[in-house]
Amino acid sequence: MSIADQKPSTIAVWAGEEKPLAFGAAQVPIVQSAPFAYDDMDTWAEVALGNAEGHIYSRNTNPTVGVFEEKCRILEGGEKAIAFASGMAAISNTLLAHLSPGDRVVSIRDSYGGTSRIFLDLLPRMGIDVELVETSDGDAIEAEIARGCKLVYLETPTNPTLKIIDLRRAIATAQDQGAITVVDNTFATPINQRPLTMGADMVLHSATKYLGGHDDAMGGVLIGREPLVRTVYEHREICGAVLSAFSAYLLLRGMKTLDLRVRKQNQTAMAVARFLAAHPKVESVFYPGLETHDKHDVAKRQMSGFGGMLSFSIDGDFDMLKRFVGHLHYVHRAASLGSVNTLIGPPSVTSHVECSAEQRAQLGISETLLRYSCGVEDADDLITQLDEALAVL
Ligand SMILES: *Cc1c(COP(=O)(O)O)cnc(C)c1O
């Protein structure tokens, strides 16, 4: 009975911690040590050369971080996982480790704001050719991939307008080209979507969001095929963007309830989306679980739940948005997402703060758009508050 054969809720609790831990601890100890000491030079050398199991220095490996990596690895169904100091560290290290001058990478216009900056500023400076395609246009994405590329970088659902990409189709086209596919699975979580089972080579997360789930730790993780992840591991070893043992502990503690939280957040987001879609002061609602979403069928095929994120625009201007947001109780007006607390914010100060107003407009992000990350509060309470705040407009 291998842990990988268990259901996600069991994996989230037990993976990486099935063996007895130090001192018989029932929870993963925080191993707060930079180096690891050896009495015997020969054993030290064997571990340092990778011929024996063990730890040398926490920029390479750390036992607490290792448990976090193992939990993520099994949840996503990959061969190897490595953790990072943040989601952006995972993304930048993955791209920089696999791309060289002259390579071509295909991605989408709607990737996370920080990721877009890497595509628009950093990679071109290094002589890497970047093609960003209209996210909702599956045919255009496949056509660009078919022109040949080293790497395909996808994200679905996207931030903040919840666009959906048909992963199986895009991945199949990439495989025909021998291109590496990377999917940012932060919004969906492995509870709702498992890109590796659809043929993706690597999947990554901002663990700061749903994996940790409590807005108290930053982290990132990359999971996928052994040789590809190993290349990134070697890059991380040198560049040093490692996850700290303490953050790994917080993320591990959060992950034990990942399945519980995400299932509830899926239900709450569906109820909130339906409420908003029926409200006269709401202009549009973006949620892949709504039948009116243009890619609802694709989402239904590749996701087992539609997620806890949605966005909507109110019928009015930015002043009205400010009044509306000011009237909400029991939500944090804050960046980030995927927490037990409900969070709300416009993209201009959250996901797309790195972009100019023109760039946001090009992405179809209106100035009255709000991103809403459902927490684990009571759904009826959240809807009542939204209703009262909309009533003041
Ligand atoms: C937040 C986020 C990131 C960046 O992660 P950090 O942990 O903030 O560095 C990347 N992708 C998505 C989809 C995100 O939501």
Side-chain angles (χ1 to χ4, degrees), residues 65 68 72 76 82-96 107-120 122 132 135 153-165 167 182-193 195 200 202-223 232 236 239-244 247-248 250-251 254-255 262 265 269 286 288 303 306-311 332 334-339 343-355 363 365 369-374:
V65 174
F68 169 72
C72 295
E76 285 286 9
I82 52 168
F84 292 89
S86 68
M88 285 314 302
I91 294 165
S92 57
N93 277 260
T94 301
L95 292 170
L96 293 172
S107 189
I108 50 165
R109 289 211 196 121
D110 291 79
S111 52
Y112 178 75
T115 310
S116 289
R117 295 252 60 89
I118 294 183
F119 286 137
L120 296 171
L122 193 69
L132 302 184
T135 310
Y153 186 95
L154 304 169
E155 187 180 322
T156 178
T158 62
N159 196 350
T161 45
L162 285 295
K163 293 182 185 166
I164 299 287
I165 297 166
L167 284 176
V182 185
V183 180
D184 182 336
N185 205 29
T186 301
F187 263 43
T189 82
I191 304 302
N192 288 330
Q193 177 171 279
M202 291 185 277
V203 49
L204 49 79
H205 287 268
S206 166
T208 316
K209 315 294 171 51
Y210 285 101
L211 297 185
H214 291 70
D215 266 349
D216 54 2
M218 304 280 307
V221 64
L222 171 75
I223 309 121
V232 187
R236 189 202 66 177
C239 294
V242 286
L243 183 65
S244 76
S247 291
L250 291 171
L251 297 172
M255 276 182 81
V262 170
Q265 285 161 320
F286 303 95
M303 304 178 80
F306 298 111
M309 291 299 302
L310 58 111
S311 63
H332 278 308
S336 199
L337 59 103
S339 169
L343 299 159
I344 195 165
S348 53
V349 296
T350 58
S351 61
H352 286 67
V353 65
E354 290 96 345
C355 301
L363 292 169
I365 300 172
L369 189 77
L370 279 162
R371 195 178 69 177
Y372 192 85
S373 167
C374 299

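Residue numbers count from 1 along this sequence. All ligand and atom numbering here is 1-based and tracks the order in the structure.
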Would a distance-only check, ignoring hydrogens and angles, find a side-chain to backbone donor-acceptor pair under 3.5 Å from [X] to [Y]?
{"X": "S107", "Y": "Y153", "result": "yes"}
{"X": "T186", "Y": "S206", "result": "yes"}
{"X": "S116", "Y": "S111", "result": "yes"}

> Would you say L337 touches ligand 1, if touching means a heavy atom closer than 4.0 Å?
Replying inline: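 Flag set, L337 near ligand 1.
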>> Could you check whether any heavy atom of T158 sits closer than 4.0 Å to an atom of ligand 1, since that is the contact criterion I want to use?
In response: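 Judged by the 4.0 Å heavy-atom criterion, T158 does not count as contacting ligand 1.
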Please report the interatomic distance [atom1]([X]) to [atom2]([Y]), rounded to the nearest 0.5 Å.
{"X": "S311", "Y": "L369", "atom1": "OG", "atom2": "CG", "value": "4.5 Å"}
{"X": "C374", "Y": "M309", "atom1": "SG", "atom2": "CE", "value": "8.0 Å"}
{"X": "H205", "Y": "I91", "atom1": "NE2", "atom2": "CD1", "value": "11.0 Å"}

For [X], take its heavy atoms, then give the atoms of ligand 1 lying under 4.0 Å from any of them.
{"X": "I91", "value": "10 (C)"}
{"X": "M218", "value": "7 (O), 8 (O)"}
{"X": "T208", "value": "7 (O)"}
{"X": "N159", "value": "15 (O)"}

> Does any N/O atom on E155 come nearer than 3.5 Å to any N/O atom on ligand 1?
Replying inline: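 Among all N and O atoms of E155, none is under 3.5 Å from an N or O of ligand 1.
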> Do ligand 1 and G87 have nitrogen or oxygen atoms that lie under 3.5 Å from each other?
Replying inline: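 Looking only at distances, the answer is yes, because the N/O contact criterion of under 3.5 Å is met.
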What is the nearest protein non-hydrogen atom to [atom], stated with its residue, atom name and distance?
{"atom": "atom 1 (C) of ligand 1", "answer": "K209 NZ, 1.3 Å"}
{"atom": "atom 4 (C) of ligand 1", "answer": "Y112 CE2, 3.4 Å"}
{"atom": "atom 11 (N) of ligand 1", "answer": "D184 OD2, 2.7 Å"}
{"atom": "atom 9 (O) of ligand 1", "answer": "M88 N, 2.8 Å"}

> Run the side chain to side chain contact (heavy atoms under 4.5 Å, CB included) check on L162 and F306 step by step: do they pass?
Replying inline: CA-CA 10 Å; L162 285 295; F306 298 111; over 6 Å; no
> Is there a donor in the side chain of T158 and an acceptor in the side chain of D110, or the other way round, less than 3.5 Å apart?
Replying inline: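 Checked: T158/D110 side chains show no N/O donor-acceptor pair below 3.5 Å.
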